[in-house]
Amino acid sequence: MVKKSGKKRSATAGWEGRAADALRVGPGFDLGELDTSATPGFDGDDAAGEALMKRLGRRLSDLQEMLYAEGRSGGTRAVLLVLQGMDTSGKGGISRHVLGMVDPQGVTVRAFGVPTEEERRHHYLWRIRRALPQPGRIGVFDRSHYEDVLVVRVDGLVEDDPWLERYEEIIRFERETEAARITVLKCALMISPHEQLERLSERLTRPDKFWKYNPSDLDVRAKWDDYMHAYQDVFDHTSTASAPWHVIPADHKWYARLAVTQLLVDTLEDMNLTWPAADFDLDAERARLARMLEETP
Ligand code: AMP
Ligand code: MG
């Protein structure tokens with residue numbers, strides 16, 4: 001059976017509609033029901049995914065260059081990709097494999113770990129605001145301000161229970177960010193506890209992975225249910241119309257990378273980017289160049 005859809009751009013072949021529609025958190029979203037090994041919205045296997053990924057990579061690269069060109073020509077728009085997920089969920093792989101397909105000049109990746117002493121002296125959004133992408137850039141947050149309603153909550157690192165206030169504060173912050181012409185794309189990579197165990201075991205058997213292992217990862221893992229509860233609350237409270245959460249099943253790395261790439265491409269497409277017009281007299285410059293060519297023996 002051949003599916004026909006005249007509207008389908010080649011960049012979205014394989015997706016049954018827009019990826020965002022399959023991944024966006026909507027009312028009644030239940031993390032407990034999520035199949036982390038599923039490939040929602042994508043009709044195809046890993047080989048089809050990888051083939052599409054190559055094409056999407058070229059499109060992403062073109063779009064990123066247009067965004068960069070716009071920034072260099074006085075434009076102020078930028079994109080911020082917020083990545084959340086448990087240890088080993090593949091956040092780093094997104095930076096390497098997805099953003100690795102574009103010109104590194106146009107991308108800024110910032111990983112947020114345990115706050116430094118200086119960061120601790122400030123409001124939790126201080127370090128986040130300073131890391132927002134410059135005009136024309138795609139910024140990636142590997143962990144983010146959401147850690148302040150996830151690990152901070154699960155580990156009881158602040159007094160009282162400021163979570164509801166923080167959700168509101170985060171929504172306001174993201175609204176301000178969007179008002180500053182930075183489009184926010186939020187992706188949570190979700191793996192099963194079993195998949196995490198496999199990935200952590202791999203980190204202990206492969207010398208090239210030791211550096212990624214942290215003994216505290218097992219302590220975090222022991223609080224899995226608390227984390228899932230905190231994630232559910234984050235999705236319930238901070239998925240807004242302009243900055244919704246996308247929850248991405250990530251047991252299959254190829255799918256998670258494909259999904260984030262497609263979301264990023266669609267986000268950039270929606271910005272209706274164009275190449276900046278010449279800010280010089282094109283005819284005059286062409287004429288000058290033609291004269292030089294004539295005069296060159
Ligand atoms: P990794 O991403 O593996 O380098 O680990 C970074 C660690 O920093 C994770 O265990 C996070 O939970 C932790 N982290 C990030 N942000 C915060 C925060 N605001 N407060 C406490 N811990 C944090
Ligand atoms: Mg880690």
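FYI, side chains are in, hydrogens and waters are out, and symmetry mates aren't considered; it's all heavy atoms of this structure. Each residue takes its place number in the sequence, starting with 1. First listed ligand is number 1; within each ligand, the first listed atom is number 1.
- The only member of His145, Arg166, Arg130 that meets side-chain contact (heavy atoms from CB on, under 4.5 Å) when paired with Leu125 is His145.
- Under 4.0 Å from ligand 1, not a single heavy atom of Asp217 appears.
- Against a heavy-atom cut-off of under 4.0 Å, Pro115 is close to the following atoms of ligand 1: 17 (C), 18 (C), 19 (N), 20 (N), 21 (C).
- The shortest contact between atom 23 (C) of ligand 1 and any protein heavy atom is with Val151 CG1, 3.6 Å.
- Protein heavy atom nearest atom 2 (O) of ligand 1, with residue, atom name and distance: Arg143 NE, 2.6 Å.
- With respect to Asp251 and Arg199, no salt bridge is recorded, no charged nitrogen being found less than 4.0 Å from a carboxylate O.
- Close approach to Asp148 involves these atoms of ligand 1, each under 4.0 Å from a residue heavy atom: 19 (N).
- In terms of polar-atom proximity, Leu157 is not counted as a contact of ligand 1, lacking any N or O under 3.5 Å from an N or O of the ligand.
- A distance of 7.5 Å separates CZ of Arg257 from CE of Met53, quoted to the nearest 0.5 Å.
- Between Lys223 and Asp155 a salt bridge is recorded (basic side-chain N to carboxylate O distance below 4.0 Å).
- Remark: ligand 1 and Arg127 share an N or O pair separated by less than 3.5 Å (distance only, no angle test).
- Using a cut-off of 4.0 Å between Lys/Arg side-chain N and Asp/Glu carboxylate O, Arg203 and Asp208 are scored as not salt-bridged.
- Each of the atoms 3 (O) of ligand 1 lies under 4.0 Å from some heavy atom of Asp87.
- Atom 4 (O) of ligand 1 is not flagged as protein-proximal [any protein heavy atom, distance under 4.0 Å].
- Among protein heavy atoms, the minimum distance from atom 8 (O) of ligand 1 is reached at Val114 N, 3.1 Å.
- Geometrically, ligand 1 and Glu147 share a nitrogen or oxygen pair separated by less than 3.5 Å.
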